[in-house]
Amino acid sequence: MEKKPHSAKRESPPREASAALLVLLVLLLNALLYLYLSELRGSPGRTEAEPSLCPFGYFRLGSVKNCSPWLSCEAINREVRKLKCVGEGAVKKVFLSEWKENKVVLSQLTNIELKEDFLHGLKMLKALQSRHVVRLLGYCEKQFTILTEYHPLGSLRGLNETLHIPKYKGMNTWHRRLMLAIDYVSIIRYLHSSPLGTLVMCDSNDLDKVLSQYLLTSDFHVLVNDLDALPLVNKSSGRLVKCGHRELRGEFVAPEQRWPYGEDVPFDDDLMPPYDEKTDIWKIPDVSNFFLGHVEGSDIVRLHLFDIHAACKRKDPAKRPSAQEILDTYRKVLTLLIREVAMPGTREML
């Protein structure tokens with residue numbers, strides 16, 4: 001009896017196999033994209049206050065599994081050793097220090113006249129502990145001392161220099177830079193809807209000052225570090241803010257932050273109208289432009305963000321988008337561009 005060949009049954013038509021492979025790749029891409037963006041913004045159900053899964057008033061550092069209570073005055077004096085001064089501003093001096101073989105940062109008040117600013121920053125740091133804010137390790141109010149986690153890459157002012165170090169050159173891509181911009185907008189969104197209410201990032205009168213307020217982590221995320229100037233807005237009760245008592249100039253600050261009565265009228269803080277959190281929105285395009293840099297693909301990202309950035313620059317603050325709307329747009333652009341990068345390779349297989 002003649003046997004029928006089975007080889008034809010085992011083989012699929014080449015085009016059907018390619019189509020099946022394409023579908024599989026697209027499904028895999030979507031699954032990876034979902035995981036990628038879930039990691040970026042936190043999985044559903046996770047709270048903002050998730051950085052170390054320790055209860056309020058506790059921290060976990062490095063590879064240590066157990067949570068430790070915030071260090072007290074006595075513990076800081078006994079256990080923390082200063083190594084060197086790494087920075088000094090108007091309010092405080094910053095020391096690289098050591099605690100139990102861990103590098104930490106010790107901040108101390110330098111000008112007693114600014115103690116209210118220092119204590120306000122400590123209050124904000126305690127209340128806003130989350131994945132967006134540098135980790136608090138301890139404090140001593142009577143000695144005007146704050147202890148926080150150390151991040152060796154420093155502030156965002158050094159971002160471009162860091163990305164030119166051979167170790168980090170692989171991070172110097174449009175999508176990694178866009179992710180940093182998303183981190184930044186996520187922080188603004190968090191401050192505008194914080195547990196304390198709507199907070200305005202006032203220490204932001206120029207780009208360099210903004211960048212100095214944020215840290216770059218070793219795994220390339222952004223944390224806000226300096227919360228000394230963070231006043232509260234409450235529109236329902238008519239509570240607005242003014243960022244300081246001096247005249248602000250330049251295109252970086254929002255129009256409503258500039259003296260509205262012309263050069264002929266001397267600046268008078270009592271006559272200066274207050275404003276709300278939309279001043280932060282005005283500045284987002286300029287900060288994001290810094291993040292995007294001039295790498296391959298960054299101009300395409302700018303093109304996709306053109307409309308939302310134009311909306312941020314509306315003269316009327318009420319017509320500017322919210323930080324949440326900007327964040328949603330940034331995430332959609334990231335998703336779209338990752339798909340556009342991935343899909344041409346799959347189409348070539350057909």
**Request:** Tell me, please, which residues at least two apart from Lys235 pass side-chain hydrogen bond (donor to acceptor under 3.5 Å, both in side chains).
**Result:** Asp276, Glu277
**Request:** Could you pull out all residues at least two apart from Tyr214 that satisfy side-chain hydrogen bond (donor to acceptor under 3.5 Å, both in side chains)?
**Result:** none
**Prompt:** Which is it for Asp268 and Tyr261 under the side-chain contact (heavy atoms from CB on, under 4.5 Å) test, yes or no, and what are the steps along the way?
**Reply:** CA-CA 10 Å; Asp268 185 339; Tyr261 302 117; over 6 Å; no
Please determine whether residues [X] and [Y] belong to a single hydrophobic cluster, defined as Ile, Leu, Val, Met, Phe, Trp and Tyr linked transitively by side-chain heavy-atom distances below 4.5 Å.
X: Val133; Y: Val200; result: no
X: Val134; Y: Phe220; result: yes
X: Trp282; Y: Ile188; result: no
X: Leu215; Y: Leu96; result: no
X: Val86; Y: Leu211; result: no

Taking [X] for the side chain and [Y] for the main chain, is one N or O donor matched with an acceptor at less than 3.5 Å?
X: Gln129; Y: Leu136; answer: yes
X: Asp226; Y: Asp228; answer: yes
X: Arg331; Y: Ile182; answer: no

**Message:** Phe95 vs Val80, test: side-chain contact (heavy atoms from CB on, under 4.5 Å). Steps then yes/no.
**Reply:** CA-CA 11 Å; Phe95 297 89; Val80 176; over 6 Å; no
Decide yes or no for [X] and [Y]: does some side-chain heavy atom of the first lie under 4.5 Å from some side-chain heavy atom of the second?
X: Pro195; Y: Tyr190; answer: yes
X: Val105; Y: Leu137; answer: no
X: Lys313; Y: Asp286; answer: yes
X: His175; Y: Leu337; answer: no
X: Leu271; Y: Trp259; answer: yes

**Message:** Does atom CG (Asp219) have a neighbourhood of more than 12 heavy atoms from anything else shown, all under 6.0 Å?
**Reply:** yes
**Item:** More than 12 heavy atoms of other groups within 6.0 Å of Arg258 CZ
**Value:** yes
**Item:** Chi angles and distances behind the side-chain contact (heavy atoms from CB on, under 4.5 Å) call for Cys312, Ile326
**Value:** CA-CA 9 Å; Cys312 293; Ile326 301 167; 3.5 Å; yes
**Pair Tyr330 + His309: ring centers closer than 6.0 Å** = yes
**Request:** Would you please name every residue forming a side chain to side chain contact (heavy atoms under 4.5 Å, CB included) with Ser236, sequence neighbours left out?
**Result:** Asn234
**Message:** Among residues at least two apart in sequence or on other chains, which ones pass side chain to side chain contact (heavy atoms under 4.5 Å, CB included) with Asp269?
**Reply:** Lys242, His245, Phe267, Met272
**Prompt:** Looking only at heavy atoms, what is the nearest atom pair of Ser186 and Leu327, with distance?
**Reply:** OG-CD1, 3.3 Å
**Distance-minimising heavy-atom pair for Trp174 and Val341** = CZ2-CG2, 3.9 Å
**Asked** Can you check side-chain contact (heavy atoms from CB on, under 4.5 Å) on Tyr184 and Val224, steps first, answer last?
**Response** CA-CA 8 Å; Tyr184 167 71; Val224 63; over 6 Å; no
**Request:** Examine Lys103 relative to Tyr150 and say whether NZ or CZ is less than 6.0 Å from the centre of the six-membered ring and inside a 45° cone about the ring axis.
**Result:** no
**Request:** Begin from the C-alpha positions of Asp280 and Arg320 and carry the test salt bridge (charged side-chain N to carboxylate O under 4.0 Å, His left out) through to its verdict.
**Result:** CA-CA 10 Å; Asp280 289 335; Arg320 295 173 203 154; over 6 Å; no
**Message:** Quick test of your reading of the model: are Lys92 and Asp117 salt-bridged, counting only N-O distances below 4.0 Å?
**Reply:** no
**Message:** Between the side chains of Arg249 and Glu263, is the shortest nitrogen-to-carboxylate-oxygen separation below 4.0 Å, so that they form an ion pair?
**Reply:** yes
**Prompt:** Do Asn172 and Arg177 have a side chain donor and acceptor closer than 3.5 Å?
**Reply:** yes
**Request:** Verify whether one side chain among Ser322 and Gln324 offers a donor that lies under 3.5 Å from an acceptor in the other.
**Result:** no
Please round to the nearest 0.5 Å and tell me the distance separating atom [atom1] of [X] and atom [atom2] of [Y].
X: Leu336; Y: His304; atom1: CG; atom2: NE2; value: 5.5 Å
X: His120; Y: Lys123; atom1: NE2; atom2: NZ; value: 7.0 Å
X: Leu248; Y: Thr279; atom1: CG; atom2: OG1; value: 10.0 Å
X: Leu147; Y: Phe59; atom1: CG; atom2: CZ; value: 7.5 Å
X: Arg81; Y: Leu106; atom1: CZ; atom2: CG; value: 13.0 Å
X: Ser218; Y: Leu216; atom1: OG; atom2: CG; value: 8.0 Å

**Message:** Can you pull out every disulfide bond (SG atoms under 2.5 Å apart) where at least one residue sits in residues 127-227? Sequence neighbours excluded, please.
**Reply:** Cys73-Cys140, Cys202-Cys243
Please table the atom pairs, donor to acceptor, closer than 3.5 Å between any side-chain atom in residues 290-302 and protein atoms at least two apart or in another chain.
| from | atom 1 | to | atom 2 | distance (Å) |
| --- | --- | --- | --- | --- |
| Ser298 | OG | Gly293 | O | 3.4 |
| Ser298 | OG | Val295 | N | 3.4 |
| Ser298 | OG | Val295 | O | 2.8 |
| Ser298 | OG | Arg302 | NH1 | 3.2 |
| Asp299 | OD1 | Arg302 | NH1 | 3.2 |
| Arg302 | NE | Asn289 | OD1 | 2.6 |
| Arg302 | NH1 | Gly293 | O | 3.1 |
| Arg302 | NH2 | Asn289 | O | 3.2 |
| Arg302 | NH2 | Asn289 | OD1 | 3.1 |
| Arg302 | NH2 | Gly293 | O | 2.5 |

**Prompt:** With Leu230, which of Asp203, Leu196, Leu199 fulfils side chain to side chain contact (heavy atoms under 4.5 Å, CB included)?
**Reply:** Leu199
**Request:** Please work out which of the three classes, parallel, tilted or perpendicular, describes the rings of Trp70 and Tyr139, given edges at 30° and 60°.
**Result:** perpendicular
